[in-house]
Amino acid sequence: MSKIRAVVVDPSVSGRLVLRDVDAPIPAANEAVIRVAAISLNRGEIRRSTTAEAGWRPGWDLAGVVETPAANGSGPAVGTRVVGLLRGGAWGELVSVPTHSLAELPPSVSFAQAATLPVAGLTAYHALLKGGSVLGRSVLITGASGGVGYFTIQLARLSGAKVVAHIRRPEYESFVKDAGAHSVIIGENISPTDESAPYDLIVESVGGKTLGTALGLLAQDATVVLFGVSGGAEVTFNAQQFFATGGASLYGLILFHELQRESAAIGLQRLLRLVEAGQLRPHIDIEGDWTQIADVAQKLLDRTYPGKAVLNISN
């Protein structure tokens with residue numbers, strides 16, 4: 001097969017994301033060719049697509065079946081159900097994926113469930129790793145109704161933390177409580193007199209005023225893990241209050257940097273075991289066909305749903 005269908009950017013059409021014929025992948029020796037069954041959307045790749053050049057191929061998350069195993073003998077065999085992660089171009093009928101970025105699916109885990117895990121699940125997983133043991137400790141998660149936030153609540157609760165979720169919209173309160181939040185802060189920002197403070201770990205994705213306030217709500221030796229700035233990139237905070245806390249730190253997390261230290265396969269395997277055991281529950285708010293990509297992408301930008309959107313690929 002010399003051509004496959006894939007999602008590409010076309011600035012001339014409404015929504016900018018369309019299905020087009022592209023060249024079939026030519027795998028490197030350490031790459032398996034995956035016939036993709038399901039994909040999930042993330043805000044970062046969708047934002048990039050709003051300004052990307054014609055022909056750019058978005059896509060990080062995928063789940064499917066190994067069609068051609070890696071030539072070097074690494075990774076899963078032909079026919080294996082897998083979930084995987086790419087730095088771009090994952091949304092195609094066939095994709096080449098390095099075997100260190102693939103994990104085999106347990107029989108009870110669906111393609112749709114698995115497709116939610118790579119970026120959102122791994123970001124939550126690595127954010128919590130940066131906080132060390134959270135057993136019996138207080139954790140604040142901002143932007144908690146998003147894909148990363150929802151997984152972070154569950155993983156923090158499983159780890160024995162006291163979990164506080166911050167959301168902007170009151171209609172999502174039951175959503176984050178169902179995920180395991182002990183208490184919920186509702187509003188555009190968090191309060192500098194937050195009664196649940198101080199926090200041992202803050203997983204932060206809003207930036208702006210929210211981050212500025214969060215830096216004043218830390219316990220001694222606490223960590224703020226920042227992985228997004230949906231509320232603004234410019235931050236003002238009380239630096240004296242921050243360093244007077246004693247040992248507090250601010251860590252900027254970029255998932256693909258973390259994956260240079262620990263392969264995606266390791267974290268994905270751990271997350272899949274939790275899903276298989278019923279201890280981690282992916283929330284899929286929208287599931288449809290990938291022909292709906294432009295419409296679902298716009299819904300994500302407009303924040304019209306919590307959790308994740310998954311699109312199935314009709315080969």
Side-chain angles (χ1 to χ4, degrees), residues 2-28 31 33-34 36-64 83-98 101 115-123 143 146-148 205-208 226-234 252-260 264 285-286 288-305 308-315:
S2 60
K3 294 289 183 179
I4 62 164
R5 287 192 304 165
V7 177
V8 302
V9 167
D10 183 344
S12 69
V13 302
S14 177
R16 294 177 61 92
L17 293 175
V18 294
L19 299 183
R20 293 281 189 265
D21 286 343
V22 302
D23 291 336
I26 301 175
E31 293 179 334
V33 176
I34 311 302
V36 180
I39 60 176
S40 74
L41 283 65
N42 298 281
R43 192 172 303 277
E45 64 212 340
I46 299 304
R47 278 183 174 165
R48 166 77 191 279
S49 71
T50 63
T51 58
E53 65 280 5
W56 182 72
R57 291 182 56 188
W60 295 330
D61 299 343
L62 67 108
V83 61
L85 175 65
L86 284 175
R87 293 183 71 102
W91 298 347
E93 292 175 313
L94 292 173
V95 295
S96 297
V97 184
S101 295
T116 68
L117 294 174
V119 167
L122 287 175
T123 299
V148 176
S205 62
V206 181
L226 178 69
F227 70 90
V229 288
S230 62
E234 298 294 326
L253 187 148
I254 298 175
L255 178 60
F256 289 105
H257 290 180
E258 303 302 320
L259 298 180
Q260 294 174 15
D285 200 71
I286 295 178
D289 188 84
W290 71 329
T291 55
Q292 302 170 263
I293 182 67
D295 178 61
V296 176
Q298 188 59 53
K299 285 183 168 65
L300 176 61
L301 292 177
D302 294 340
R303 301 181 184 278
T304 59
Y305 63 89
K308 296 289 290 179
V310 171
L311 298 179
N312 299 302
I313 292 188
S314 47
N315 289 296

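- Partners of E258 under the side chain to side chain contact (heavy atoms under 4.5 Å, CB included) rule, at least two apart in sequence or in another chain, are H126, K130, Y251, L253, R261.
- Side-chain contact check for H257 versus Q260: some heavy-atom pair is nearer than 4.5 Å.
- No more than 12 heavy atoms of other residues, nucleotides or ligands sit less than 6.0 Å from atom CD of E234.
- R20 is linked by a salt bridge (Lys or Arg N to Asp or Glu O under 4.0 Å) to D10, counting only residues two or more places apart in sequence or in another chain.
- Side chain of W290 to main chain of N312: no donor-acceptor pair is present (N/O by atom type, distance under 3.5 Å, no hydrogens or angles).
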task = Start with the C-alpha distance between V97 and E31, add both sets of side-chain angles, then the distance that settles side-chain contact (heavy atoms from CB on, under 4.5 Å), and finish with yes or no.
result = CA-CA 5 Å; V97 184; E31 293 179 334; 6.0 Å; no

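- Distance CG/L94 to CG/L62: 11.5 Å, rounded to 0.5 Å.
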ask   = Do K3 and D23 pass the side-chain contact (heavy atoms from CB on, under 4.5 Å) test, and can you show the C-alpha distance, the side-chain angles, and the key distance before you say yes or no?
value = CA-CA 5 Å; K3 294 289 183 179; D23 291 336; 2.7 Å; yes

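- Contact check for V36 versus E93: no side-chain heavy atoms found under the 4.5 Å cut-off.
- Pairing each heavy atom of S230 with each of R303, the nearest pair is CB-NH2, 3.1 Å.
- Looking at Q292 and D295, their side chains never bring a donor and an acceptor atom within 3.5 Å of each other.
- Nearest heavy-atom pair, P118 versus D61, reported as atom, atom and distance to 0.1 Å: CB-OD1, 3.1 Å.
- The two residues I293 and V7 have their closest heavy-atom pair at CG1-CG1, 4.1 Å.
- Considering every non-hydrogen atom in both A63 and A115, the closest pair reads CB-N, 4.1 Å.
- From K299, atom NZ reaches atom CG of L41 across 11.5 Å, with rounding to the nearest 0.5 Å.
- With sequence neighbours left out, R57 forms a side chain to side chain contact (heavy atoms under 4.5 Å, CB included) with A6, V8, V22, V95.
- Under the side chain to side chain contact (heavy atoms under 4.5 Å, CB included) criterion, L301 pairs with I46, R47, T50, Q298, not counting sequence neighbours.
- The two residues L255 and L122 come nearest to each other via the heavy atoms CD1-CB, 3.8 Å.
- Inter-residue side-chain proximity for S205 and V148 is flagged as unmet; no heavy-atom pair is nearer than 4.5 Å.
- Contact detail for T51 and R16: the closest heavy-atom pair is C-NH2, 3.6 Å.
- Here CD1 of I254 is found 11.0 Å from OG1 of T123. Values are rounded to the nearest 0.5 Å.
- For D285, the side chain to side chain contact (heavy atoms under 4.5 Å, CB included) partners two or more places apart in sequence, or in a different chain, are H283, Y305, P306.
- L86 has its side chain within reach of P98: a pair of non-hydrogen atoms, C-beta onward, lies under 4.5 Å apart.
- Side-chain atoms of S101 never come within 3.5 Å of backbone atoms of G84 as a donor-acceptor pair (strictly under, hydrogens ignored).
- Every residue two or more places apart in sequence or in another chain was checked for a salt bridge (Lys or Arg N to Asp or Glu O under 4.0 Å) with D289, and none qualifies.
- With R43 contributing its side chain and L300 its backbone, the two residues share a donor-acceptor pair below 3.5 Å.
- How far CD1 of I4 is from CG of L19: 11.0 Å, rounded to the nearest 0.5 Å.
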